[in-house]
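Below is one structure; the comments refer to it alone.
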Amino acid sequence: MRFRDRAAAGRRLASMLLPYRGSDVRVLGLARGGLRVGFEVARALEVPMDVWVSHRVLIPGRMTVVGGVSEGGGRYVDERALRLAALPRVEVLSMARSELDEVERQVQRLRGQAPPDLRGTTVLLIDEGVVTGATGAAALRALRTMHPGKLVLGTPVSTPRGLEVLRAEADSVVCVETWEALRTVSEAYDDYRPLPDVELRNLLERSRLPPWRARAVVEATDPGGSWM
């Protein structure tokens, strides 16, 4: 079943994450699309949302994912993809270092400050969809070093392989739909429009408002659950 847009997907995911509602919960939207999905989760749980940045490591010209890197030093290498690509590990690590530079630039554009204190909290890391699990795994590894009480990955859609990768890193994984043949996350959405930085920063600002005020702002600017 396809989702109408990221907002609709976020509301479905939020309904499955309601048991996590509590004052010690932190929602992190995985940039980029995970912020729009995560906003709906944070609104339903009545907690603020912040951003977390993680990127895929791709073989240039081939669009083959061989790993992921995250702010906070998280790194994941897909050993199976590495074998199939017949690529030296040292080359993958070099590509990962280059991608980390862009991760840090995006952190500065979207958050521009140190990450929140997550020690002892229940962290809900929200992604818009999972194919390989590489970016989520890298993010989870970085977040683990911040000593949360519990680390949960939530996503509207994932491949079975992606869930396998993430379950090895998270304390719990919550997924609305599992698609065996999902090749790109966009296949799961009717509306998968790009999300400019200005809109992502706007979401983060809204998420810091009191719940009643954030709800009023979204209802005024985002009728029917569409993006903006």
Side-chain angles (χ1 to χ4, degrees), residues 1-17 27-42 44 49 51-70 76-82 84-85 95 99 102-103 106 124-140 152-170 172-197 199-200 203 222 224-228:
M1 177 179 176
R2 289 167 61 90
F3 299 100
R4 182 176 62 182
D5 54 23
R6 294 178 181 94
R11 287 191 288 272
R12 288 190 60 190
L13 178 61
S15 69
M16 299 176 66
L17 291 171
V27 172
L28 296 178
L30 199 57
R32 306 182 67 87
L35 275 169
R36 187 63 186 95
V37 178
F39 183 86
E40 296 297 331
V41 174
M49 177 186 69
V51 62
W52 198 262
V53 180
S54 182
H55 285 190
R56 299 176 297 173
V57 177
L58 299 166
I59 299 177
R62 293 166 60 179
M63 296 302 293
T64 300
V65 179
V66 291
V69 292
S70 164
Y76 170 79
V77 176
D78 188 327
E79 300 293 343
R80 184 168 69 176
L82 194 62
L84 291 173
M95 292 189 295
E99 196 62 39
E102 177 53 34
V103 166
Q106 190 172 21
L124 305 183
L125 179 66
I126 308 299
D127 202 353
E128 63 181 353
V130 175
V131 178
T132 67
T135 54
L140 289 165
V152 180
L153 188 289
T155 183
V157 63
S158 176
T159 62
R161 167 63 178 162
L163 291 179
E164 179 185 341
V165 168
L166 296 173
R167 284 172 178 148
E169 306 293 340
S172 180
V173 176
V174 178
C175 179
V176 179
E177 301 273 355
T178 303
W179 285 28
E180 181 73 41
L182 187 68
R183 294 169 299 175
T184 66
V185 174
S186 62
E187 294 174 348
Y189 290 89
D190 293 326
D191 180 353
Y192 193 73
R193 68 190 69 178
L195 306 180
D197 284 353
E199 295 185 0
L200 298 181
L203 275 181
D222 194 10
S226 62
W227 170 249
M228 304 300 287

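- Tyr76 and Ala138 make their closest contact through CB-N, 3.9 Å (heavy atoms, listed as atom of the first residue, atom of the second, distance).
- In this structure, the separation between CG on Leu153 and CZ on Arg167 is 10.5 Å, given to the nearest 0.5 Å.
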Can you list the steps and then say if Met1 with Glu177 is a side-chain contact (heavy atoms from CB on, under 4.5 Å)?
CA-CA 8 Å; Met1 177 179 176; Glu177 301 273 355; 3.8 Å; yes
The test is side-chain contact (heavy atoms from CB on, under 4.5 Å); show your working for Arg6 and Phe39 and say whether it passes.
CA-CA 10 Å; Arg6 294 178 181 94; Phe39 183 86; over 6 Å; no
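- Residues satisfying the ring-ring contact (aromatic ring centres under 6.0 Å, His included) criterion with Phe3, sequence neighbours excluded, are Tyr189.
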Is there a side-chain contact (heavy atoms from CB on, under 4.5 Å) between Leu140 and Leu166? Walk through the geometry before answering.
CA-CA 8 Å; Leu140 289 165; Leu166 296 173; 4.0 Å; yes
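- Looking at heavy atoms from C-beta onward, Met49 lies out of side-chain contact with Ile126 at the 4.5 angstrom threshold.
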Worked check of side-chain contact (heavy atoms from CB on, under 4.5 Å) between Val176 and Met16
CA-CA 8 Å; Val176 179; Met16 299 176 66; 3.6 Å; yes
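- Annotation for Gly129 and Pro156: closest pair N-CD, 4.4 Å, computed over non-hydrogen atoms.
- Leu195 contributes atom CG, which lies 8.5 Å from atom CG of Leu35 (distance to the nearest 0.5 angstrom).
- The side-chain contact (heavy atoms from CB on, under 4.5 Å) test applied to Val131 returns Thr159, Leu182, Val185, not counting sequence neighbours.
- Between Ala188 and Val157, the closest heavy-atom pair is CB-CG1, 3.8 Å.
- Atoms CG and CD, from Asp5 and Glu40 in turn, are 8.5 Å apart once rounded to the nearest 0.5 Å.
- Considering CZ of Arg193 and OG of Ser186, their distance stands at 14.5 Å, rounded to 0.5 Å.
- Side-chain atoms of Val174 and Leu13, non-hydrogen and from C-beta on, do get closer than 4.5 Å to each other.
- Dense packing is recorded around CZ of Arg2, with more than 12 heavy atoms of other residues, nucleotides or ligands lying under 6.0 Å away.
- The shortest heavy-atom contact between Arg4 and Asp190 is O-CB, 3.6 Å.
- For the atom pair Arg80 CZ and Thr132 OG1, the distance stands at 10.0 Å (nearest 0.5 Å).
- Within 6.0 Å of CZ on Arg56 lie no more than 12 heavy atoms contributed by other residues, nucleotides or ligands.
- Proximity of Asp127 to Thr135: side-chain heavy atoms (C-beta onward) are separated by under 4.5 Å at one or more points.
- In this view, Ala139 and Leu30, Trp52, Ser54, Ser70, Leu125 satisfy the side-chain contact (heavy atoms from CB on, under 4.5 Å) rule, not counting sequence neighbours.
- Between Gly33 and Glu128, the shortest heavy-atom contact is CA-OE1, 3.1 Å.
- Minimum interatomic distance between Val65 and Ala134 (heavy atoms only, all atoms of both residues): CG1-CB, 3.9 Å.
- Put simply, the side chain of Glu199 does not reach to within 4.5 Å of the side chain of Arg36, judged on heavy atoms.
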